[in-house]
Structures are given as C-alpha cells and as structure tokens.
Amino acid sequence: MKLFKYLTYSALATIMLTSCEDNKVAHRDGVENEDLTIQHRPGMNVVGRVTVDGVPRQGVVVSDGINVIATDENGEYQMRSSGRQHIFVSVPADCAIPEESGLPKIYKTLRFDEDAVIQMDFKLKSRPVSQGFKLFTIADPQIGDNVDIAIWNDDIMGNMVDFAASLTGNVYGISLGDLVWNKPDLFPTYKRMVAQPGIPMFSVIGNHDHNETVKNDTESDREFRDALGPTYYSCNIGQWHLVVLDDVLYRGVSDRNDYSATITDQQLEWLAKDLEHVGKDKSILIATHIPTMRRNNPGNHVTNNQALYNLVKDYPQVQILSGHSHNNYITTIADNINETTIGAVMGAYWNGVICNDGSPRGYAVLEFDGNKVVDKYYIGSETPRDYQIKIYLPEDATYRAGRDKDSGLPLINDNESLLVNVFFWHTDWTVELQEDGGSWTELRNTKTLDPEAVKTLQWDNPWEKRPSAEPETNNDHMFLYKPAKADWQTITVRASDPYGNVYTASVNNNQ
C-alpha cells in the first residue's frame, strides 16, 4: 500500500484526544479557519458541518482520501485524520461546484499544530440538478518553458476560449494530466491559462507533474497538491459521479520516466468506500492520466486495471477519460465500460500542429443526458469542427511505412493506394468510401503510421523542439484504399459515429 506522509509535524504521531471538553483549535493560515463549534467525539481531530444555502445537509460525503464520512442529521461529520493534506466534499448533484479563481475548489487544506481539533465547514449553494451537461476535455498541455507558453497563448488559447464560449448549457472542464513538463514552478501559470476559457476545469495529475528531484511517490507530487489540491477526489454532476484518480506511481530514481502505471491500494480502498454512497442508478465518470486500457496496444495499460473495473462494473455506464498517449483512441472494456483517450492539446511535444497519430492538436467534448453519453467528438484547436478526416493521395500515402533516415524517401513505393485517417474513429463507427459517384464501399481499418507524422516527426529533425516525438506505431484509425480505376477523379469518404454525427471529406486526382 502506498504510504502517504504529506505532513511531517511530529505532533501528529502523538495526538491524544480523549475528552469531549478538549476544544483546542489548531493554528492554521488563510481564510479557511473556522471556529470550533462542534463538540468532537473522543479520538476525532477533524470535524465540520456541510450546509446548503445555510441549512445543514444530511448525507453529504466528506473525505480526506482515507476516511469517507457522510454527514449526520445536523450536517456534521467527524473523523480521525493523520498525515493528510486535504479534506474534500463530494459535492451533491443539486449543488454548485465551488470555484476559486475560475477553478473548482471542493477541498480545504489541513494544517495541524500540536494536539488539536480543527473544524472545516463546507458552505455549498444549491442549483438545479443538471439533466444534461457538457464536458470540455483537454490533455497534456505540458508547458515547460516560455516558448510552450507563448504557443499555447498565441496559437491555441484564443480558439479554446471561442470554442468554449460556443458550448451552451451546463459546461464543465477537465484537464487529464501532464499539465507541466517537470516544472512545478509553472503550476501557477498553468492555473491562470486554463481558467481563461471560463469553464471550471478539474485537473488530473500526470507523470510530468511530479518533481523529478524527489525520489519517491508520496512527496514528489507536493507542488501539484499545493497548487491544485488532492490528487484523487470525487463529486457529482447531474446523474454522473465524477472520480479523479492518480494512476502514476512515481519513483524517479533512475530518471524522470521512472514510474509505473498503477492505482494504489489506498485509492482503491477509498474508492470502494466512496462508491458505497453512490446509487446504482447513477453512471460513473473516471478521469486518469495514463490509460487504464489501450485498444490499439492492449499489452500497455494500468497494472491493476481489473481491480478498478470490478468496483464500477455494476453501474449503467462507466466512461473513463485519459491522456498520456498524445493520440486519439477509444477502448471498449465491457458492454458498459468505455475509455476515451484524448490527443494532446500541445500536439507532438509542441512540434507543429499535429499529434503523433496525425490528428490535429486539440481537445474533446462529451455531452451527457441523464446517465448516458449522447455525443462525443474531438476538435482540432486550429481546425473547423467538421474537420474529422484526412485523405492522403498516393504520393503521400506511401509514407505510411516510414521514411529512410538518410534520404528521407518513403520505405515503400506505392503510387496507387490512398490512405484515410479518421481521427476519433472507434469500432462502432462506419467508414465508407465512394469513387467517382459510385456505390459506397465500407472500409476496414488498418494499423499504420500517419504520413504527415512520418514526414514531420520521424527521426531527429533539427527544427524539432523535443526530438522524442515520433509517429505512433499503433495508430489503428487508418484506412487503406486502392482505387478501382487508375484515372479516378474524385474520392469521397463518409464516417458515421454512433451518436448520429456524419463527417465527410473529398479529394481530387491531381495526376
């Protein structure tokens, strides 16, 4: 089990709370300080009250990441917390998500002095339960220096703001980790930037959000927690229970990439207790950084993913969101469990405007109605909403096998076949092709490199900001087609998703 030692105050090890009359209040900095008005039970050192519009609310879940307590008829909770940095409220669906500086603020910071009891109240405001809402989703901004920040701000942010403003109804956001590039001092910059679209943006911790100079998991995420709160938590939006998890077990001994994709036992135990308070009529939305499962690379996934799936298998729908891969794919795990992995908003390590699977750098939107997902799509940060397909003519398609490192020429010579990239394709889509106005032919996917990614990213190129960006070898949203006629004139591709969206693209023969 992962051992958290978030606080090093030696007094925590010797707290003795045996009297209901002991009302000593811990000294804490900041505006979160509350007068101790609740009589604590023996052994309890964190107490509080949850109110909604000033009225105490029973049944609201409060947690420090280990204890999971529902408030009583007086809206009160009590727990014995040791070594934890935050306490958070799993905001009920009929309450507004509290915000601070444009970001969700569902937590408070625990700061103990000596043998003390502290009170943390949560004062929520009511709002109608959202029958429908949209989730604006980004992954892997990975800002590491002023150049990254300038590109995001100058080339991407304006479109992000405009697109976010176009989303109507109840809109929330989530950022799926690798917020910075091993530069914890940039968390304040990230917070300011991600607040610009005006959507309350939840944040997930990624592998690059750890301090690489700290060689263990429990303290290498300190700067993330100081800036953004707990690394795992939950809340309720509409008919969905949102769970954010930390699936990066960081060691950092050999180098910054010394970590494993694992959900700690401590988190799984917390989640089991958290879900005891979630009715089976709700659906579950889980956000992680590293994919728990990969459709296009099934051997590479979270080590203990089955333990997670077992906890949520009885809910109507489970949608898992992840990043990390810098490309798009959707994985069906079970009839009721799907995982959507999002391409990077920074693309292929800030090297141009594409991800390593040829998708445009960008973000995704999921739309929810009741406890179901009713729409899901990806949009490039610099491309129109309907740009979902790229068709490569033969002279470009021949790069699908890669290029020679010295000459730059394609490794195969195919002057006939076209290649189609459907960025957000999944196995429940239908992709069809029409040649010169003839009948529609359904295409089957193949796993191959994206030609544009090959030509711009393969091998070390002197212009690349981060030469580690290489084309995705497991890219399976590709479709190969050899025209029936050598003198064909027009090829049209039609891609239909299960939500009723139909996308088309056409090319003309330029021979």
Side-chain angles (χ1 to χ4, degrees), residues 135 137-144 148 173-183 190 194 201-210 212 217 220-221 224 228 231-232 243-252 255-264 267 285-305 308 319-331 333 338-351 354-359 361-364 366 378 423-424 426 453 457 466 468-477:
L135 188 69
T137 308
I138 69 172
D140 298 270
Q142 287 193 26
I143 52 173
D148 300 344
I174 195 159
S175 183
L176 297 170
D178 279 3
L179 318 177
V180 300
W181 180 259
N182 295 88
K183 295 289 182 65
Y190 161 81
V194 84
M201 185 78 70
F202 294 94
S203 292
V204 179
I205 189 170
N207 50 291
H208 289 295
D209 298 322
H210 293 72
E212 61 184 317
D217 186 52
S220 60
D221 59 6
F224 177 96
L228 291 156
T231 60
Y232 61 94
V243 176
V244 171
L245 295 174
D246 170 6
D247 64 353
V248 181
L249 187 59
Y250 194 80
R251 291 175 296 270
D255 56 39
R256 64 171 52 167
N257 293 317
D258 182 15
Y259 61 87
S260 60
T262 299
I263 302 169
T264 61
Q267 289 182 80
L285 179 61
I286 299 172
T288 68
H289 176 60
I290 301 174
T292 70
M293 180 64 75
R294 305 187 190 210
R295 176 192 75 207
N296 56 11
N297 189 9
N300 191 347
H301 55 71
V302 167
T303 59
N304 55 345
N305 56 7
L308 173 63
Q319 288 288 328
I320 303 173
L321 302 175
S322 55
H324 187 61
S325 302
H326 297 203
N327 54 78
N328 287 298
Y329 49 91
I330 301 169
T331 306
I333 296 164
N338 278 274
E339 179 161 4
T340 303
T341 304
I342 309 297
V345 71
M346 49 86 85
Y349 299 94
W350 296 111
N351 293 319
I354 61 169
C355 298
N356 58 4
D357 64 346
S359 302
R361 62 187 181 191
Y363 24 81
L366 284 81
Y378 182 82
F423 309 132
F424 217 41
H426 186 39
L457 299 174
R466 297 177 188 169
S468 57
E470 288 291 314
E472 174 55 53
T473 57
N474 292 299
N475 186 4
D476 68 350
H477 48 79

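Worth knowing before you read on, the calculation uses all heavy atoms, side chains too, and leaves out hydrogens, waters and symmetry mates.
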Review point. Are any of the side-chain heavy atoms of E470 and N356 separated by less than 4.5 Å?
Key: no
Exercise for review: Would you confirm whether D178, through its side chain, and H208, through its main-chain N or O, come within 3.5 Å as a donor-acceptor pair?
Suggested key: yes
Review point. Is the shortest heavy-atom distance from the side chain of I320 to the side chain of I333 under 4.5 Å?
Key: yes
Study note, to complete from the structure: Rounded to the nearest 0.5 angstrom, the OG1-CD1 distance for T137 and I342 is 5.5 Å
Point to revise | Nearest-0.5 Å distance that lies between atom CG in L135 and atom CG in L366 | key: 6.0 Å
Check your understanding: When rounded to the nearest 0.5 angstrom, what distance separates CG in N351 from CZ in R361?
Key -> 10.0 Å
Review point. What closest approach, in Å, do G358 and A453 show between heavy atoms, and which atom pair accounts for it?
Key: N-CB, 4.4 Å
Point to revise | Side-chain H-bond candidate by donor/acceptor type, T288 with S322, under 3.5 Å | key: no
Revision key, fill the gap. Applying ring pair (Phe, Tyr, Trp, His ring centres under 6.0 Å) to F202 and not counting sequence neighbours gives none
Check your understanding: Is there a donor-acceptor pair closer than 3.5 Å between any side-chain N or O of Y378 and the backbone N or O of G362?
Key -> yes
Practice item. List the steps and the verdict of side chain to side chain contact (heavy atoms under 4.5 Å, CB included) for K183 and I143. Key: CA-CA 8 Å; K183 295 289 182 65; I143 52 173; over 6 Å; no
Exercise for review: First locate atom OG1 of T292, then atom CG of D247, and finally report the distance between them rounded to the nearest 0.5 Å.
Suggested key: 8.0 Å
Check your understanding: CG of N297 to OG1 of T473: how many Å apart, nearest 0.5 Å?
Key -> 7.5 Å
**Study point:** Shortest non-hydrogen contact from A139 toward G323
**Key:** CB-CA, 3.9 Å
Practice item. For S359 and H477, work out which heavy atoms get closest and say how close. Key: OG-CE1, 4.1 Å
Exercise for review: For side chain to side chain contact (heavy atoms under 4.5 Å, CB included), just list the numbers for F424 and T340, CA-CA rounded to whole Å, side-chain angles, deciding distance to a tenth of an Å, and then say yes or no.
Suggested key: CA-CA 9 Å; F424 217 41; T340 303; 3.6 Å; yes
Revision key, fill the gap. Looking only at heavy atoms, the pair that brings A287 and I174 closest together is CB-CD1, 3.4 Å
Practice item. Test R295 against every option in N474, T341, T331 by the side-chain contact (heavy atoms from CB on, under 4.5 Å) rule and name the one that passes. Key: T331
**Study point:** N/O donor-acceptor pair under 3.5 Å between D140 side chain and L176 backbone
**Key:** no
Practice item. Apply salt bridge (Lys or Arg N to Asp or Glu O under 4.0 Å) to D148 and list each qualifying residue two or more places apart in sequence or on a separate chain. Key: K465, R466
Review point. With distance as the sole test, does N475 use its side chain to make a donor-acceptor pair with the main-chain N or O of D357 at under 3.5 Å?
Key: yes
Point to revise | Q142 backbone acceptor or donor facing W350 side chain under 3.5 Å | key: yes
Check your understanding: Does N300 offer a backbone N or O that forms a donor-acceptor pair with the side chain of R294 under 3.5 Å?
Key -> yes
Check your understanding: Do side-chain atoms of N257 reach the backbone of D255 as a donor and acceptor pair under 3.5 angstrom?
Key -> no
**Study point:** Heavy-atom closest pair, residues M201 and S175
**Key:** SD-N, 3.8 Å
Exercise for review: Would you confirm whether D246, through its side chain, and Y232, through its main-chain N or O, come within 3.5 Å as a donor-acceptor pair?
Suggested key: no
Practice item. Walk me through it: do N327 and N296 pass the test side chain to side chain contact (heavy atoms under 4.5 Å, CB included)? Key: CA-CA 11 Å; N327 54 78; N296 56 11; 4.2 Å; yes
Check your understanding: If we only count heavy atoms from C-beta on, is the L308 to L245 side-chain gap below 4.5 Å?
Key -> yes
Exercise for review: Begin with the C-alpha distance, continue with both residues' side-chain angles, and end with the deciding distance and a verdict on side-chain hydrogen bond (donor to acceptor under 3.5 Å, both in side chains) for T303 and T262.
Suggested key: CA-CA 5 Å; T303 59; T262 299; 2.9 Å; yes
Review point. For Y190 and S203, which heavy atoms make the closest approach, and how far apart are they?
Key: OH-OG, 2.9 Å
Check your understanding: Between D209 and L179, is there a donor-acceptor pair closer than 3.5 Å when you use the side chain of the first and the backbone of the second?
Key -> yes
Revision key, fill the gap. Value for NE2 (H210) from OH (Y250), rounded to nearest 0.5 Å, stands at 7.5 Å
